[in-house]
Asks: 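One structure is given below, represented as structure tokens, and several questions about it will come after.
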Amino acid sequence: MKALVTRLDSFGDVLLAGPAVRAVAARADHVTLLCGTRGAPAARLLPGVDEVLVWDAPWGGFDPPAVNRADIDALADRIDADTALILTSFHQSPLPTALVLRLAGVRYIAADSVDYPGSLLDLRHRRDPHAHEAEAALDLAAAAGFPGTDDGRLRVHTPPPADALTGPGPYVVLHPGASVPARAWSPDRAAEAVRELAAAGHRVLVTGGPDERALTAHAAGAHGTDLGGRTGAPELAGVLAGARVVVTGNTAPAHLAAAVGTPVVSLFAPVVPAERWRPHGVPYVLLGDQDAPCAGSRARDCPVPGHPCLNTVTATDVTTAVEKLMGET
């Protein structure tokens, strides 16, 4: 059997698909993961994936491309699968993807859908509205005939050694950036946390992407080690795997930390529900006002002046949470 799993949005979303991918891989001869450009680095980290097919959908992502019939036709020609699982968040429709898969000749298609699917789906599954994203994907896989065969935690291939980046001795990682501004702690708060963690005796490494070098330099200051722009996905996994605790917002490194088994202090803006997106399968402390006015808004830019849901979190709160998690592990 050739199986296709689709998750068309971001890096963290693809990581959360990992347990469902492993469930499919346990029963399929070949598994293709169809994902967008932003999710592709995560797809290449997942056990159970035989092939990664990268395509940016007009109905997904922060900056979707225009609809192009030739592009969609080309994708349909590349798909070779007997059965498919379409993984989406609770607010996304699987039906545009299902139409493409039908045009590609996929015989059996399963997805969570609140919309009437006509002939586009063979299994129209109803997700538990309170389920974590990783658990919801596993539930869909089981309903489609692919029950889980392991503990259902997030997992990635063993990352490369990170000693050349981290240096010797224990450390804490702080990742100050986020995929959208509404989920990010303020740069000054991040810098305060690095100073306070260092004063408490912790060695702090600050991570970020190539476009976040100014942010990581500011946060690291004179008291942390700035790794901004120095880690691709495998290298970042290695750095996070060696950390005692990772401090980050609701963004991809939170899920990557969980995938390598590292506890997380989660600076969680409630624009999406924590019950669906919190760190999965590892010890964590959730910080941030989950009842703030922005709760459930899915806002990309904070709609409340001063960003109070996160900026009321102090450096002392973070240091206390880090030490609590260290005491538990």
Side-chain angles (χ1 to χ4, degrees), residues 11-12 15 154 162 165-167 169-209 212-213 215-228 230-231 235-270 274 277-290 307 309-329:
F11 188 107
L15 288 178
L154 305 189
L165 288 166
T166 66
Y171 59 89
V172 171
V173 168
L174 186 141
H175 186 93
S179 54
V180 294
R183 301 182 192 179
W185 208 24
S186 79
D188 288 343
R189 285 286 199 214
E192 289 170 9
V194 170
R195 292 195 297 271
E196 187 157 329
L197 285 165
H202 303 291
R203 194 161 64 92
V204 187
L205 311 185
V206 182
T207 58
E212 295 175 319
R213 286 191 177 101
L215 171 61
T216 60
H218 177 78
H223 301 276
T225 299
D226 180 10
L227 297 183
R230 297 175 61 190
T231 55
E235 294 78 18
L236 180 59
V239 170
L240 300 182
R244 297 191 67 187
V245 176
V246 172
V247 181
T248 184
N250 174 28
T251 194
H255 305 306
L256 189 54
V260 296
T262 302
V264 178
V265 174
S266 176
L267 296 156
F268 201 100
W277 298 99
R278 57 172 173 72
H280 181 68
V282 294
Y284 69 94
V285 173
L286 202 71
L287 298 177
D289 181 3
Q290 300 306 298
H307 200 20
C309 69
L310 286 186
N311 285 340
T312 51
V313 177
T314 67
T316 300
D317 294 330
V318 167
T319 301
T320 300
V322 165
E323 294 181 343
K324 177 179 186 294
L325 288 173
M326 285 184 177
E328 295 175 354
T329 56

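Just so you know, these numbers use all the heavy atoms, side chains as well, and skip hydrogens, waters and symmetry mates.
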Asks: Is there a donor-acceptor pair under 3.5 Å between the side chain of His307 and the backbone N or O of Ala184?
Replies: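 Looks like yes, one N/O pair under 3.5 Å.
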Asks: Test His175 against Glu212 for side-chain contact (heavy atoms from CB on, under 4.5 Å), laying out the working first.
Replies: CA-CA 10 Å; His175 186 93; Glu212 295 175 319; 4.1 Å; yes
Asks: So do His202 and Tyr171 actually touch side chain to side chain, heavy atoms under 4.5 Å?
Replies: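 No, their side chains stay 4.5 Å or more apart.
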Asks: Please check this pair: side chain of Arg203 against backbone of Thr166, looking for a donor-acceptor N/O pair closer than 3.5 Å.
Replies: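 Checking the backbone N and O of Thr166 against the side chain of Arg203, a donor-acceptor pair under 3.5 Å is found.
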Asks: Do you know the tightest heavy-atom contact between Ala269 and Ala182?
Replies: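 What the structure gives for the nearest pair is CB-O, 3.2 Å.
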Asks: Should His218 and Asp188 be marked as a side-chain contact (heavy atoms from CB on, under 4.5 Å) after you check the CA-CA gap, both sets of side-chain angles, and the distance that decides it?
Replies: CA-CA 8 Å; His218 177 78; Asp188 288 343; 2.8 Å; yes
Asks: Output yes when a side-chain donor or acceptor of Tyr284 lies under 3.5 Å from a complementary backbone atom of Leu325, and no otherwise.
Replies: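 Pair absent, no side-chain N/O of Tyr284 close to backbone of Leu325.
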Asks: Looking at every heavy atom in both Val313 and Cys309, which two are closest together, and how far apart are they?
Replies: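 For Val313 versus Cys309, the nearest heavy atoms are CG2-O, 4.3 Å.
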Asks: Can you tell me if Trp185 uses its side chain to pair, donor with acceptor, with the backbone of Leu310 under 3.5 Å?
Replies: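 Side chain of Trp185 to backbone of Leu310: a pair is present.
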Asks: Side chains of Glu196 and His223: donor-acceptor distance under 3.5 Å anywhere?
Replies: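 Side-chain D/A pair, Glu196 to His223: absent.
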Asks: Under the criterion side-chain contact (heavy atoms from CB on, under 4.5 Å), I'd like the reasoning laid out for His280 against Leu15: C-alpha separation, chi angles, the key distance, then a yes or no.
Replies: CA-CA 11 Å; His280 181 68; Leu15 288 178; over 6 Å; no
Asks: Rounded to the nearest 0.5 Å, what's the gap from CG on Asn250 to CZ on Phe268? Could you check?
Replies: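 Result: 4.0 Å between the selected atoms.
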Asks: For the side chain of Thr216 and the backbone of Thr207, is there at least one donor-acceptor N/O pair under 3.5 Å apart?
Replies: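 No, the answer is negative, given that no donor and acceptor are paired below the 3.5 Å cut-off.
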Asks: Look only at the side chain of Arg183 and the backbone of Gly249, and say whether a donor-acceptor pair between them is shorter than 3.5 Å.
Replies: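 Such a contact is absent between Arg183 side chain and Gly249 backbone.
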Asks: Going from CG on Leu236 to CZ on Arg230, what distance comes out if it is rounded to the nearest 0.5 angstrom?
Replies: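 The CZ atom of Arg230 is 12.5 Å from CG of Leu236, to the nearest 0.5 Å.
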Asks: Under 3.5 Å, is there a donor-acceptor pair between the Asp317 and Thr314 side chains?
Replies: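 Yes.
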Asks: Provide the closest heavy-atom pair for Ala252 versus Phe11 in the form atom of the first, atom of the second, distance.
Replies: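 Scanning both residues completely, I find the closest heavy atoms to be CB-CD2, 3.6 Å.
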Asks: Nearest heavy-atom pair of Ala274 and Leu286: which atoms, and what distance?
Replies: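 Answer, listing the atom of Ala274 first, then Leu286: CB-CD2, 3.7 Å.
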Asks: Quick check on side-chain contact (heavy atoms from CB on, under 4.5 Å): which of Val172, Val245, Leu267, Val194 does Val318 satisfy it with?
Replies: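 Among Val172, Val245, Leu267, Val194, the one meeting side-chain contact (heavy atoms from CB on, under 4.5 Å) with Val318 is Leu267.
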Asks: Specify the closest pair of heavy atoms between Thr248 and Val264, including all atoms of both residues, with the distance to one decimal.
Replies: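 For Thr248 versus Val264, the nearest heavy atoms are CG2-CG1, 4.1 Å.
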Asks: Before giving the answer on side-chain contact (heavy atoms from CB on, under 4.5 Å), spell out for Thr225 and Val206 the whole-Å C-alpha distance, their side-chain angles and the decisive distance to 0.1 Å.
Replies: CA-CA 6 Å; Thr225 299; Val206 182; over 6 Å; no
Asks: Restricting to non-hydrogen atoms, name the atom on Val260 and the atom on Ala237 that form the minimum distance, rounded to 0.1 Å.
Replies: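 Scanning both residues, the minimum pair turns out to be CG1-O, 3.9 Å.
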Asks: Quick one: are Val282 and Thr262 in side-chain contact, heavy atoms under 4.5 Å?
Replies: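 With C-beta onward as the side chain, the pair stays apart.
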